[in-house]
Novice: 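To start, I am sharing the structure in question, which I have written as structure tokens.
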Amino acid sequence: METHTHSAGGIVRNTEGNIALVKHDGWFWGFPKGHVDEGESFIDAARRETQEEIGITDLEFKKEFEPYTRLKGGDEGKADVEVKTLHMFLFDTAQTNFVLTDPRHDEARWVPIERVAELLSHPKDKEFFESVKDSLK
């Protein structure tokens with residue numbers, strides 16, 4: 001069975017031009033993102049999820065990207081899959097320190113733009129990032 005959900009998140013860029021990535025469940029590297037609550041706008045969900053996952057609260061909106069669709073990480077080959085449409089936003093921040101409060105998110109790091117795609121775990125996230133990377137420099 002297939003379910004379809006919407007997630008929102010941020011490509012968070014610091015003053016050195018590095019991008020924030022977070023490790024989920026000890027293995028899955030991705031952007032800070034998560035489900036959109038009922039009645040919540042995509043950009044508000046992206047801000048909330050970024051705060052919850054990496055503790056960055058100083059987020060200056062720069063642009064919205066075209067949404068893309070993929071399977072939930074780890075669902076490949078399963079009978080019950082979650083198809084996610086991801087709504088991603090570019091934010092700039094002057095904050096440098098991550099605050100990890102959820103035990104499912106055990107590491108976050110600032111990654112140079114040139115290395116982001118190689119660290120991302122999901123092939124569709126890599127494909128998306130490669131398609132927008134030049135607009136981030």
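Each residue takes its place number in the sequence, starting with 1.
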Novice: Determine whether Ile54 and His105 make a side-chain contact, defined as any pair of heavy atoms from C-beta on separated by less than 4.5 Å.
Specialist: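 No, too far: nothing below the 4.5 Å cut-off.
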Novice: Short question: side chain of Asp25, backbone of Trp27 - any donor-acceptor pair under 3.5 Å?
Specialist: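 Judged by distance alone, no pair lies under 3.5 Å.
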Novice: Between the side chains of Thr5 and Glu82, does any donor sit under 3.5 Å from an acceptor?
Specialist: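 Side chains of Thr5 and Glu82: pair found under 3.5 Å.
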Novice: To the nearest 0.5 angstrom, please state how far the NZ atom of Lys23 sits from the OG atom of Ser121.
Specialist: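 Rounded to the nearest 0.5 Å, the NZ-OG separation comes out at 9.5 Å.
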Novice: If you measure from OG1 on Thr96 to CG on Asp58, what distance do you get to the nearest 0.5 Å?
Specialist: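 These two atoms lie 10.5 Å from each other.
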Novice: Shared ILVMFWY cluster between Ile56 and Phe89, side chains joined below 4.5 angstrom?
Specialist: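 Ile56 and Phe89: one cluster.
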Novice: What's the shortest heavy-atom distance between Glu53 and Pro32, and which atoms?
Specialist: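 Heavy-atom minimum between the residues: OE1-CA, 3.3 Å.
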Novice: Answer yes or no: is there an ion pair linking Arg47 with Glu49, defined by an N-O contact shorter than 4.0 Å?
Specialist: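 A salt bridge is absent here (no side-chain N lies under 4.0 Å from a carboxylate O).
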Novice: Distance from Glu66 atom CD to Leu86 atom CG, nearest 0.5 Å?
Specialist: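 Rounded to the nearest 0.5 Å, the CD-CG separation comes out at 13.5 Å.
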Novice: So Ser131 and Phe65, do their side chains get closer than 4.5 Å, heavy atoms only?
Specialist: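 Sidechains of Ser131 and Phe65: no contact.
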Novice: Which heavy atom in Ala8 sits nearest to a heavy atom in Ala46, and how many Å separate them?
Specialist: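 Between these two residues, the closest heavy atoms are CB-N, 3.7 Å.
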Novice: Taking Trp29 for its side chain and Leu21 for its backbone only, find out whether a donor-acceptor pair lies under 3.5 Å.
Specialist: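 Side chain of Trp29 to backbone of Leu21: no pair is present.
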Novice: Are Val116 and Lys133 packed together at the side-chain level, in the sense that at least one heavy-atom pair is separated by less than 4.5 angstrom?
Specialist: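 In short, these two side chains do not touch, never coming nearer than 4.5 Å.
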Novice: Show the numbers, then the answer: is there a ring-ring contact (aromatic ring centres under 6.0 Å, His included) between His6 and His35?
Specialist: CA-CA 6 Å; His6 289 269; His35 288 348; 9.9 Å; no
Novice: Given 3.5 Å as the limit, does a donor-acceptor pair link the side chain of Thr93 with the main chain of Asn14, or not?
Specialist: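 Between the backbone of Asn14 and the side chain of Thr93 there is no qualifying donor-acceptor contact (under 3.5 Å).
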Novice: Can you check whether Leu100 reaches Asp106 side chain to side chain, under 4.5 Å on heavy atoms?
Specialist: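 In short, these two side chains do not touch, never coming nearer than 4.5 Å.
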Novice: Tell me if a side-chain donor or acceptor on His122 pairs with a main-chain N or O of Leu71 at a distance below 3.5 Å.
Specialist: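 The answer is yes, because a donor-acceptor pair under 3.5 Å joins these two groups.
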Novice: Once the angle between the rings of Phe31 and Phe128 is folded into 0 to 90°, is it parallel (under 30°), tilted (30 to 60°) or perpendicular (over 60°)?
Specialist: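 Correct class here is perpendicular.
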Novice: Side-chain donor-acceptor pair under 3.5 Å between His4 and Thr85, yes or no?
Specialist: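 Distance-only check passes for His4 and Thr85.
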Novice: Following the transitive rule for hydrophobic clusters with a side-chain heavy-atom cut-off under 4.5 Å over Ile, Leu, Val, Met, Phe, Trp and Tyr, establish whether Tyr68 and Leu120 coincide in one cluster.
Specialist: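 Cluster IDs for Tyr68 and Leu120 match.
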Novice: So do the side chains of Phe42 and Val36 get within less than 4.5 Å of each other, counting heavy atoms only?
Specialist: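 Yes - at least one pair of side-chain heavy atoms lies under 4.5 Å apart.
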Novice: Do Leu119 and Trp110 belong to the same hydrophobic cluster, where Ile, Leu, Val, Met, Phe, Trp and Tyr are linked whenever their side-chain heavy atoms lie under 4.5 Å apart, directly or via other members?
Specialist: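 In one cluster with Leu119: Trp110, no.
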Novice: Check step by step if side chain to side chain contact (heavy atoms under 4.5 Å, CB included) holds for Lys72 and Val81.
Specialist: CA-CA 7 Å; Lys72 178 181 177 185; Val81 297; over 6 Å; no
Novice: Verify whether one side chain among Gln95 and Thr57 offers a donor that lies under 3.5 Å from an acceptor in the other.
Specialist: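 Result is yes, a qualifying pair exists.
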Novice: Can Arg48 and Glu52 be counted as an ion pair, charged N to O under 4.0 angstrom?
Specialist: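 Answer for the salt bridge query: yes.
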Novice: Is any side-chain heavy atom of Lys84 less than 4.5 Å from a side-chain heavy atom of Thr69?
Specialist: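 No, every pair of side-chain atoms sits at 4.5 Å or beyond.
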Novice: Would the distance check show the side chain of Arg13 and the main-chain N or O of Leu136 forming a donor-acceptor pair, the cut-off being under 3.5 Å?
Specialist: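 A pair under 3.5 Å: yes.
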Novice: Determine whether Phe28 and Asp125 make a side-chain contact, defined as any pair of heavy atoms from C-beta on separated by less than 4.5 Å.
Specialist: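 Of all side-chain heavy-atom pairs linking Asp125 with Phe28, at least one is under 4.5 Å.
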Novice: Any link between Phe61 and Val12 through a network of hydrophobic side chains (Ile, Leu, Val, Met, Phe, Trp, Tyr) touching at under 4.5 Å?
Specialist: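 Same cluster.
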Novice: Spell out, as yes or no, whether a donor-acceptor pair under 3.5 Å connects the side chain of Glu40 to the backbone of Asp37.
Specialist: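 Yes.
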Novice: With a 4.5 Å heavy-atom cut-off, do Lys63 and Met88 have their side chains touching?
Specialist: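 A side-chain contact is absent here, since even the closest heavy-atom pair is not under 4.5 Å.
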Novice: Any chance you could lay out the side chain to side chain contact (heavy atoms under 4.5 Å, CB included) test for Leu90 and Val132, step after step, and finish with the verdict?
Specialist: CA-CA 10 Å; Leu90 175 62; Val132 301; over 6 Å; no
Novice: Nearest 0.5 Å, what's the CD-CZ distance between Glu118 and Phe129?
Specialist: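 Between Glu118 CD and Phe129 CZ, I get 11.0 Å after rounding to 0.5 Å.
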